[in-house]
There are 2 protein chains.
Amino acid sequence: MNLGLLCYFPYRAMEARVMAAGEEAGFTFTIAQGRLLARVGPDGTRIGDLAEQAGVTKQTATFLVNQLEKAGYVERVPDPADARARLVRLSEAGWAGVAIARKVEAEVEAEWVAHLGEADAAALRRALERLREVTDPYQ
Amino acid sequence: MNLGLLCYFPYRAMEARVMAAGEEAGFTFTIAQGRLLARVGPDGTRIGDLAEQAGVTKQTATFLVNQLEKAGYVERVPDPADARARLVRLSEAGWAGVAIARKVEAEVEAEWVAHLGEADAAALRRALERLREVTDPYQ
DNA sequence: TGACATAGTCAGAGTATCGAACCATATTGT
DNA sequence: ACAATATGGTTCGATACTCTGACTATGTCA
């Protein structure tokens with residue numbers, strides 16, 4: 001079993017738990033929409049940056065942000081730093097969704113830490129952060 | 001940054017490298033097809049098991065296996081243990097594709113080990129394997 | 001033997017994704 | 001200054017993926 005695939009299980013489990021909690025709480029966004037929504041920063045994020053971080057093309061990100069905007073989770077505002085760009089920002093409903101996601105993420109992570117033990121969990125985090133240096137071209 | 005998301009970067013990087021190598025070598029399967037192909041065991045695997053491991057429904061797996069079968073990467077054979085079931089088995093071309101994937105996986109993993117150091121990489125693997133116990137319902 | 005469960009497929013519809021082409025604004029070189 | 005080029009984003013068209021629901025065939029169990 002290669003390390004990449006071993007990384008897949010926690011990732012998938014976390015995403016499934018977060019999505020289930022979102023649905024439970026009445027949020028209607030899809031997985032693909034959620035992946036973008038979770039990456040919108042506190043002061044807004046450009047479409048292109050969302051696309052890079054989520055691993056999709058700009059076109060796909062545009063499409064998904066359109067859905068999220070129609071559903072009322074985000075809004076587009078001009079980017080004061082560049083007239084070509086627009087910032088995607090969370091609406092109140094978007095913030096509520098992200099808040100639930102963060103809460104569930106913390107819960108799941110606590111379960112994992114309990115399973116691994118504090119020390120091993122901390123080591124895991126450090127190793128993953130270092131691995132990110134060579135696996136995330138957009139960090 | 002939550003642990004689930006930290007797991008996403010290596011997973012995505014590994015998949016991208018493997019897919020790129022496959023394309024380079026003239027293989028034509030898509031990402032979704034590749035995810036199934038990579039999970040076909042040496043003696044064949046049932047559609048339902050492929051679906052569970054890849055995280056899609058049986059219907060989707062049926063669809064993807066149809067594509068893979070048309071493309072000549074797999075074949076369906078009766079499961080001697082259960083007349084309802086059929087085993088998906090790799091064809092010669094399928095084996096060739098998987099062989100390349102395994103080779104690239106090993107190369108990428110070697111890069112990661114070089115970056116992390118032997119000891120930390122081994123610890124990472126152990127932690128991920130233990131995490132799998134609570135995040136992979138189908139192990 | 002009948003009721004129920006399981007493995008797989010088919011059909012239909014919705015969602016996601018990409019490549020190509022395009023517009024508007026920035027940046028760069030001369 | 002200004003042409004050439006790069007960048008951020010969008011639209012369009014085509015394709016791939018995925019799901020739900022309904023169905024057949026076989027297995028299991030009381």
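We name chains A, B, ... by the order of the sequence lines, and we start the count at 1 in each one.
Under a 4.0 Å N-O distance rule, the pair Arg102(B)/Glu105(B) qualifies as a salt bridge. With respect to the salt-bridge test (charged N to carboxylate O, under 4.0 angstrom), the residues Arg130(A) and Asp120(B) qualify. Between Arg132(B) and Glu129(B), none of the side-chain N atoms (NZ, or NE/NH1/NH2) sits under 4.0 Å from a carboxylate O, so this pair counts as no salt bridge. The pair Arg46(A)-Glu52(A) does not meet the salt-bridge criterion, since no charged nitrogen lies less than 4.0 angstrom from a carboxylate oxygen. A salt bridge links Glu111(B) to Arg17(B): one of the charged nitrogens lies within less than 4.0 Å of a carboxylate oxygen. With salt bridges taken as basic N to acidic carboxylate O contacts below 4.0 Å, none links Asp43(A) and Arg89(A).
With Arg39(B) contributing its side chain and Leu50(B) its backbone, the two residues share no donor-acceptor pair below 3.5 Å. Looking at Thr62(A), its side chain does come within 3.5 Å of a backbone N or O of Lys58(A) through a donor-acceptor pair.
For the residue pair Val113(A) and Ala121(A), the shortest heavy atom distance occurs at CG2-CB, 3.8 Å. When all heavy atoms are compared, the tightest approach of Pro10(B) to Leu131(A) is CG-CD2, 3.8 Å.
Listed by residue number, Thr30(B), Ala32(B), Gln33(B) are the residues of residues 12-46 of chain B with a heavy-atom contact under 4.0 Å to DNA chain D. Non-hydrogen atoms lying under 4.0 Å from DNA chain C are contributed by Thr62(B), Arg76(B), Arg84(B), Ala85(B), Arg86(B), all within residues 61-91 of chain B.
Atom OG1 of residue Thr60(A) and atom CZ of residue Arg35(A) lie 12.0 Å apart, to the nearest 0.5 angstrom. Separating the CG atom in Leu37(A) from the OG1 atom in Thr45(A) is a distance of 10.5 Å, to the nearest 0.5 Å. One finds the CG atom of Leu6(A) at 8.5 Å from the CG atom of Leu124(B) (value rounded to the nearest 0.5 Å). With values rounded to the nearest 0.5 angstrom, Ile100(A) atom CD1 is found 14.0 Å from Trp95(A) atom CH2.
Protein chain B contacts DNA chain C from dA5(C) to dC10(C), reading 5' to 3' and using non-hydrogen atoms of the protein with a distance under 4.0 Å. Chain B approaches DNA chain D over the interval dC17(D) to dG27(D), counting the first and last nucleotide 5' to 3' with an atom under 4.0 Å from its heavy atoms.
Where the helix from dT1(C)-dA30(D) to dT30(C)-dA1(D) starts and where it ends, the local axes point in directions that differ by 40°; five pairs per end, rounded to 10°.
Tyr8(A) pairs by the ring pair (Phe, Tyr, Trp, His ring centres under 6.0 Å) definition with Tyr11(B), not counting sequence neighbours.
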